[in-house]
Amino acid sequence: MYRKFSEQEMASKKLKVVLFLGSTREGRMGLRVAKFIQGQLESKNFQVELFDPVTLKFPVFEKALHHYQDRSKIPKWMVDCETKVKEADAYVVVSAEYNHSIPPALSNMMSHFGPALYSYKPTGIVSYSMGPFGGMRAAMQLRCFLSELGTLSVSNIFGIPEVHKALDESGKPLNDHMVSGAERLISQLDWMSWAMKNHRDKNGVPK
């Protein structure tokens, strides 16, 4: 069960989360999933920043931001994104499944930021598809990809099969599974985020 905060705790305790949306395809379902997950996170007292590759026009990856010797050459909007990734306590990835794999827009966007920003923080994976498998083949590959970035995914994966029947365009859930499934993921993410944050604040991270 998701742990309950008192009103005083709710005012003082808020985790920062970057929500990465992975799809740019015409007619994508991902935006409705992102809206739903963002609402669920915010209802649990998370502060959410949405990274949408349709509106954030990340170029095709050539080098990570931390490889720039002259940082004045980095566009300001990308530096602002870097700051948000650095300050985040956790991440959530909303991913479709392209050719049974990770959408290129997602890996391209996330690869612009180095492992030092992601390390010792958890990630929640939300995958979806129009079919019956809920994007699980992409989700399995995301576990490997995210671990190489330094952020470990929590054990629960929230897979959404037949996503067009699960959420309307505004992100409103159309069945009971959506809220309960999201809560299972978020409860794990909450626990891991606080555990890692408290340990980072007390002991730092390995050099």
Whether Y91 side chain and V85 backbone form a donor-acceptor pair below 3.5 Å: yes

Heavy-atom check, side chain of E49 versus side chain of K16, under 4.5 Å: no

Any side-chain heavy-atom pair of R28 and V54 under 4.5 Å: yes

N/O donor-acceptor pair under 3.5 Å between K121 side chain and K86 backbone: yes

Cluster link V93 to I102, ILVMFWY, side chain under 4.5 Å: yes

4.5 Å side-chain heavy-atom contact, S111 and F145: yes

Chi angles and distances behind the side chain to side chain contact (heavy atoms under 4.5 Å, CB included) call for Q47, E87: CA-CA 11 Å; Q47 179 181 320; E87 293 179 349; over 6 Å; no

Short side-chain to backbone donor-acceptor contact, D176 and V179, under 3.5 Å: no

Salt-bridge contact D80-K84 (side-chain N to carboxylate O under 4.0 Å): no

S101 vs N99, side chain to side chain donor-acceptor pair (under 3.5 Å): CA-CA, chis, key distance, verdict: CA-CA 5 Å; S101 187; N99 299 317; over 6 Å; no

Over all atoms of both residues, closest heavy-atom pair of V154 and R143: O-NH1, 3.1 Å

Heavy-atom check, side chain of S127 versus side chain of M136, under 4.5 Å: yes

Heavy-atom check, side chain of M178 versus side chain of I160, under 4.5 Å: yes

Side-chain heavy-atom pair F46, D190 within 4.5 angstrom cut-off: yes

N108 side-chain N/O to F61 backbone N/O, donor-acceptor pair under 3.5 Å: yes

Backbone N/O of Y98 and side chain of R137: donor-acceptor pair under 3.5 Å: no

Within-4.5 Å side-chain heavy-atom neighbours: K172 and L167: no

Any donor-acceptor pair under 3.5 Å from N45 side chain to L15 backbone: no

Validation row: H112, P59 side chains within 4.5 angstrom (heavy atoms): yes

Spatial distance of atom CZ (R184) from atom CG (N156) [nearest 0.5 Å]: 6.5 Å

Side-chain donor or acceptor of Y120 paired with backbone N/O of M196 under 3.5 Å: no

Worked check of ring pair (Phe, Tyr, Trp, His ring centres under 6.0 Å) between F158 and H177: CA-CA 10 Å; F158 183 27; H177 165 72; 5.6 Å; yes

